[in-house]
Every structure is written in structure tokens, then in C-alpha cells.
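All values derive from a computational prediction rather than experimental measurement. Quick note on labels: first sequence line is chain A, next is B, and so on, each numbered from 1. Excluded from the calculations below are hydrogen atoms, water molecules and symmetry mates; all remaining heavy atoms, backbone and side chain alike, are included.
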Protein chains: 2
Amino acid sequence: MPHTVRTEKEITRFAGFLQDQGLKLTTERTALVREIFATHYHFEADELLFKMKEKGLKISRATVYRTLELLVKSGMVRRVHLGEDHYHYEHVTGNSHHDHLICTTCGSVIEFHDDVLEQRQREICERKRFTPTFHNLQILGLCADCRKKGELPDAPDRVKMIGAGATQLRK
Amino acid sequence: MPHTVRTEKEITRFAGFLQDQGLKLTTERTALVREIFATHYHFEADELLFKMKEKGLKISRATVYRTLELLVKSGMVRRVHLGEDHYHYEHVTGNSHHDHLICTTCGSVIEFHDDVLEQRQREICERKRFTPTFHNLQILGLCADCRKKGELPDAPDRVKMIGAGATQLRK
DNA sequence: TCTGCAATTGAGACTCAGTCTCATTTGTTG
DNA sequence: CAACAAATGAGACTGAGTCTCAATTGCAGA
């Protein structure tokens with residue numbers, strides 16, 4: 001599979017970040033960035049580990065987590081809560097910030113961005129003399145498809161997720 | 001320490017819920033509800049376990065988690081993410097829903113509620129034909145006090161928390 | 001091109017929140 | 001008060017994520 005121009009650009013971007021920090025661009029890091037930017041949904045750390053293994057690249061769990069941490073620091077990847085009890089990751093492309101509608105029945109995730117919401121949040125912070133750096137909004141509920149199928153909303157504490165994912169990934 | 005009328009009322013409410021479900025009101029559950037409704041900040045499950053132990057009531061971890069689950073189901077307690085990698089809990093009193101401003105420097109949590117924000121979220125859901133059941137908004141940043149002290153905002157992925165809490169709670 | 005060495009890696013031990021099991025105990029209904 | 005389902009405690013277990021340390025590797029300078 002040929003690497004797209006896009007992913008190669010991201011590798012260059014990451015290389016620049018690493019250089020600035022006096023860190024090194026290794027083959028493992030390169031492979032991980034390539035995979036992450038070829039993935040267009042929210043993924044879990046262990047899922048990424050598993051996919052690398054599938055491709056015959058043996059990269060340790062520690063390296064996966066370490067690289068994700070660097071990518072988050074560089075701003076190229078975001079770590080998000082999607083109603084489950086562990087993190088998901090998503091790559092950040094260009095215009096960047098968005099929030100999530102999460103279907104508690106089928107697990108699908110709809111991204112959205114709304115300037116009115118953002119502006120109102122800034123106003124609230126101002127009133128409370130709070131300096132925001134980041135925010136995180138998940139709306140849980142039932143997507144149009146599940147609604148149509150006559151599903152009933154789950155209790156909000158019982159969010160099950162579908163995943164492109166692979167369970168029992170370890171060892 | 002005398003139990004307030006308020007907490008006794010909550011016990012009655014929980015008893016009603018349990019009865020409806022064909023479940024039993026045990027001494028452990030009563031003690032936990034009392035403690036939870038006497039606590040006016042966001043607490044962790046292990047913190048609750050530890051406080052019970054401190055009071056000489058030995059209630060197992062399993063019971064603490066099981067009771068919290070029931071309380072969440074009954075709507076009397078809410079499980080929230082506060083930027084850390086595990087859950088916090090808060091009791092729900094009366095008018096209920098709010099969101100959180102979380103200081104990434106000192107860990108303080110400011111609650112707020114804003115109807116404009118809520119209304120706008122409903123509009124967004126409508127436009128996406130999504131049926132919301134619940135939402136969750138955390139704004140991370142720097143509180144007024146930390147701002148005054150000249151603290152700089154942490155990276156958003158590095159949220160440390162103060163706690164009224166007790167580390168090394170197990171066993 | 002080669003060298004030196006700090007940065008990086010992998011393997012696996014470890015942590016920590018949360019779940020599960022099962023033998024024993026307890027609340028409630030008849 | 002008996003019967004029995006529900007609940008409990010102890011501790012084993014799980015799964016995500018972190019840490020350690022010896023071995024390896026990228027890269028800046030000779």
C-alpha cells in the first residue's frame with residue numbers, strides 16, 4: 001500500500017516537533033504516525049498496537065503509549081473520552097476542534113463543531129474569571145438510525161461501544 | 001455526629017428505589033448513602049471505601065462499587081469524568097444538572113449551569129436527528145486564584161488533581 | 001564514513017481502578 | 001419463625017496504562 005502524500009507530510013511535521021525537543025525520529029515512531037494518520041476513526045491504544053503487530057511490525061506497548069503521548073504533546077493527536085472507561089485517540093487535521101455525539105446503542109460517533117456553543121463557553125468562563133485552555137463535550141443519546149429501528153436509549157451509565165476493534169489484544 | 005434530616009430523606013428515597021426493584025436496604029447501603037450525602041464534593045470510589053473504614057465500618061470494595069452502581073441507576077448519584085483517568089462521583093440534589101470548570105493547576109472544580117448552552121445543544125441534536133439522553137461538558141483551564149498567583153496553564157493532557165483524598169487506600 | 005553517547009526500545013514486572021466468584025450471612029415475605 | 005433470594009466480604013482477576021533496565025539505535029560532530 002503506497003503511503004499518501006498526506007501521511008508523509010504528517011511525518012515531516014512530527015519530525016520537526018521532535019527536533020525542536022531534541023528527540024529522535026525512529027522507525028517505530030514513523031510507522032506509528034503513518035498508521036495513525038491512515039486511520040480515520042477514534043481508536044484505542046491497544047487497537048493500534050494490534051494493528052502494528054498484524055502488519056508484522058513488532059512495536060512494544062510501551063513505545064505505542066510513549067509515542068501517543070508525544071503526539072498529544074505536539075498537538076497532532078487528541079486524547080478523548082467517549083463515554084467508555086478508557087481513552088480513545090484521534091488525529092487532528094487542520095481546522096481541528098470538534099465535539100462528539102455518541103450513540104449509546106450502536107456506539108457510532110458523530111463529530112460536530114458549533115461556534116455559538118464555543119462562544120457561549122468563552123462567555124461563561126469570563127464571567128467566572130476562568131481561563132479556558134481546552135474543553136470536552138460529549139452528548140450521549142440515540143442516533144437517527146437506532147431511533148428508526150425502534151431502539152430505546154440505554155441508561156446513560158451503560159454505554160457500550162462497537163469498535164473497529166479487536167478485543168483480547170495483549171500478548 | 002447526628003444525621004441530618006436531609007440525609008435521612010435520601011435514605012428513604014433510596015429505600016423506595018430498592019423496593020421497586022425487589023432489592024434490599026441493608027445496613028451497608030444505608031451507611032454508604034449517609035456518607036455520600038454528607039460529602040459535598042466530587043469523590044472517588046476508593047476514597048469512599050477508605051472513609052467508611054476510618055469510621056470503623058468495614059464495607060468491602062465490592063459493596064462500595066455495587067452500591068454506587070445502584071445509586072447511579074436510581075439517579076441519586078452521578079458518575080463524572082473530571083479530566084482524570086478514572087471516575088468521580090457526586091450526589092445529585094434537587095435541580096441537578098450542571099457542568100464543570102476544572103483547574104488543571106490546583107484541581108479545583110467549579111460547577112455551573114447555563115440554559116443557553118443547554119438549549120443550543122438541543123438544537124444541534126435536532127439538526128443531526130440525534131436524541132440526547134445525557135451530556136457531559138468539562139472545560140479545563142486556570143481558575144482565578146491560580147491565575148492571580150501567576151501560574152501558567154498546564155498542557156491539557158496533564159491534569160493533576162488535588163483531592164480531599166487519601167492515596168494508598170487499599171488493604 | 002565513523003564514533004560516541006544520549007535517546008530509544010522491548011520485555012515484562014508492576015500499578016491501580018474496577019469486576020467477578022463463591023461460600024457465608026442477612027432481610028423479607030409467607 | 002422458616003425459607004430462600006439477595007447481599008456481603010475476601011480476595012482472585014482483568015485490562016489499561018506505567019515503569020525499569022539492559023540492549024539498541026539515530027544523529028551530531030570529527
Pairwise 5' ranking along DNA chain C for A/Leu70 and B/Tyr89, keeping only the more 5' one
A/Leu70
With each end axis built from five pairs of C1' atoms, what bend angle do you get for the helix from C/dT1-D/dA30 to C/dG30-D/dC1? Round to 10°.
40°
Can you sort out the partners of A/His86 under ring-ring contact (aromatic ring centres under 6.0 Å, His included), two or more places apart, ordered by chain and number?
A/His88
Establish, with yes or no, whether the OP1 or OP2 oxygen of C/dA17 is under 4.0 angstrom from a side-chain nitrogen or oxygen of B/Arg61.
no
Sequence neighbours excluded, the answer for ring-ring contact (aromatic ring centres under 6.0 Å, His included) partners of A/His81 is A/Tyr87, B/His81
Protein and nucleotides 23-30 of chain C: nitrogen or oxygen contacts under 3.5 angstrom:
residue: C/dG27; atom: N3; partner: B/Lys24; partner atom: NZ; Å: 3.4

Enumerate the residue pairs fulfilling salt bridge (charged side-chain N to carboxylate O under 4.0 Å, His left out) with a member in residues 105-121 of chain B, sequence neighbours excluded, ordered by first and then second residue.
A/Asp114-B/Arg120, A/Arg120-B/Asp114, B/Arg120-B/Glu123
Using links of under 4.5 Å between side-chain heavy atoms of ILVMFWY residues, direct or through other members, which residues join A/Ile110 in one cluster?
A/Leu101, A/Phe112, A/Leu117, A/Ile124, A/Phe130, A/Leu137, A/Ile139, B/Leu101, B/Ile110, B/Phe112, B/Leu117, B/Ile124, B/Phe130, B/Leu137, B/Ile139
From CG of B/Leu49 across to C1' of C/dC16 the rounded distance in Å is 13 Å
For a quick test of reading the model: is some side-chain N or O of B/Ser60 closer than 4.0 Å to OP1 or OP2 of D/dT8?
no
Partner set under ring-ring contact (aromatic ring centres under 6.0 Å, His included) for B/His42, not counting sequence neighbours
B/His100
Do B/Arg66 and C/dG18 have a side chain to base donor-acceptor pair shorter than 3.5 Å?
no
Examine C/dG18: is either OP1 or OP2 under 4.0 Å from a nitrogen or oxygen in the side chain of B/Tyr65? Give yes or no.
yes
Suppose we screen for salt bridge (charged side-chain N to carboxylate O under 4.0 Å, His left out). Which residues come up paired with A/Arg78, at least two apart in sequence or across chains?
A/Glu90
Partners meeting ring-ring contact (aromatic ring centres under 6.0 Å, His included) with A/Phe37 (sequence neighbours left out)
A/His91
